[in-house]
Amino acid sequence: MAGRTDIAEQLKELISSLKEQGILDEKFDEVMRRLKDERNPRFAVEIINHFYGDAENNLAELTYLSVVPIIDYPQLTNVALNLKEACSSFGCSRMAIACGELRDASEAKNKEGCHMVLEHIRREYAVLQKNLNQIAQLDRAIYDNAIRGRYY
């Protein structure tokens, strides 16, 4: 049981650190609490993976929209808003802020600004993905330790 407590403490400290850095916010805690399900304890990890898929699709579309000869700024704004909403609802605050900056650059029809902010979003996504992977890994370890504790 001590192993499970140690891992749970690591997870708590990681999330606390990410909130202090502004990468995550309180909404992330709320989402994770709602997603904890005794019948499917891995549901939170599944939702993180679903978030990745949606974010990567949006990033691919943003990249495409930003490199075509004539940028469709309303569409770029719309995709940036979709990604911002997904990030905000999942508690990924720094990335949501960056998406808002992309929306602003797009609404100003600032091509260079869009490219700069899109690069910033990619960096934020890489940081977010690395940390969410670590959260998922710790969550899986807690679950695996709990299962082992039941059967050993």
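Because the structure is a prediction, the values reported are computed rather than measured. Numbering starts at 1 and runs along the sequence shown.
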Is there a donor-acceptor pair under 3.5 Å between the side chain of N58 and the backbone N or O of D54? yes

Please check if atom CD in Q137 has more than 12 non-hydrogen atoms from other residues, nucleotides or ligands closer than 6.0 Å. no

Atom of L83, atom of A55 and distance for their closest heavy-atom approach: CD1-CA, 3.9 Å

Given the rule in the side chain to side chain contact (heavy atoms under 4.5 Å, CB included) test, do S16 and K12 qualify, once you have shown the distances and angles that lead to the verdict? CA-CA 6 Å; S16 177; K12 184 178 174 183; 5.7 Å; no

Report the C-alpha separation of Y52 and N133 in whole Å, then their side-chain angles, then the decisive distance to 0.1 Å, and conclude whether the side chain to side chain contact (heavy atoms under 4.5 Å, CB included) test is met. CA-CA 10 Å; Y52 287 157; N133 281 340; 2.6 Å; yes

About how many Å separate OG1 of T63 and NE2 of H115, when rounded to the nearest 0.5 Å? 9.0 Å

Are L65 and L81 connected, step by step, through hydrophobic side chains (Ile, Leu, Val, Met, Phe, Trp, Tyr) whose heavy atoms are closer than 4.5 Å? no

Contacts of E85 that satisfy salt bridge (Lys or Arg N to Asp or Glu O under 4.0 Å) - sequence neighbours left out: none

How long is the straight-line distance from OH of Y125 back to CG of L132, given to the nearest 0.5 Å? 8.5 Å

Roughly how far, to the nearest 0.5 Å, is CG of N131 from CG of L18? 4.5 Å

Please test C114 against I71 for side chain to side chain contact (heavy atoms under 4.5 Å, CB included), starting from the C-alpha separation and ending with a verdict. CA-CA 10 Å; C114 288; I71 294 178; 5.6 Å; no

Pairwise side-chain contact, N78 with Q75, heavy-atom cut-off 4.5 Å (strictly under): yes

Following the transitive rule for hydrophobic clusters with a side-chain heavy-atom cut-off under 4.5 Å over Ile, Leu, Val, Met, Phe, Trp and Tyr, establish whether I7 and L11 coincide in one cluster. yes

From I121 atom CD1 to E119 atom CD, the distance as rounded to the nearest 0.5 Å: 10.0 Å

What is the ring orientation for F90 with F51, classed by angle as parallel under 30°, tilted 30 to 60°, or perpendicular over 60°? parallel

Name all residues meeting the side-chain contact (heavy atoms from CB on, under 4.5 Å) criterion together with Q10; count only those two or more places apart in sequence or in a different chain, and write none if there are none. L138

Same hydrophobic cluster for V68 and L59, using side-chain heavy-atom links shorter than 4.5 Å among ILVMFWY? yes

From CG (L76) to OH (Y64), nearest 0.5 Å: 12.0 Å

Quick one, L128 and L24 - any side-chain contact, counting heavy atoms below 4.5 Å? yes

Under 4.5 Å between any side-chain heavy atoms of K19 and D29, yes or no? yes

NZ (K111) and NZ (K109) are apart, to the nearest 0.5 Å, by 13.5 Å

Sidechain N-carboxylate O distance under 4.0 Å for R33, E30: no

Taking the side chain as every heavy atom from C-beta outward, state whether N57 and E61 have any atom pair closer than 4.5 Å. no

Can you give me every donor-acceptor pair (side chain of residues 91-103, partner residue at least two apart or in another chain, under 3.5 Å) with its distance?
unit_1, atom_1, unit_2, atom_2, d
S93, OG, G22, O, 2.6
R94, NE, E124, OE1, 2.9
R94, NE, E124, OE2, 3.3
R94, NH1, Q21, O, 3.3
R94, NH2, E124, OE1, 3.2

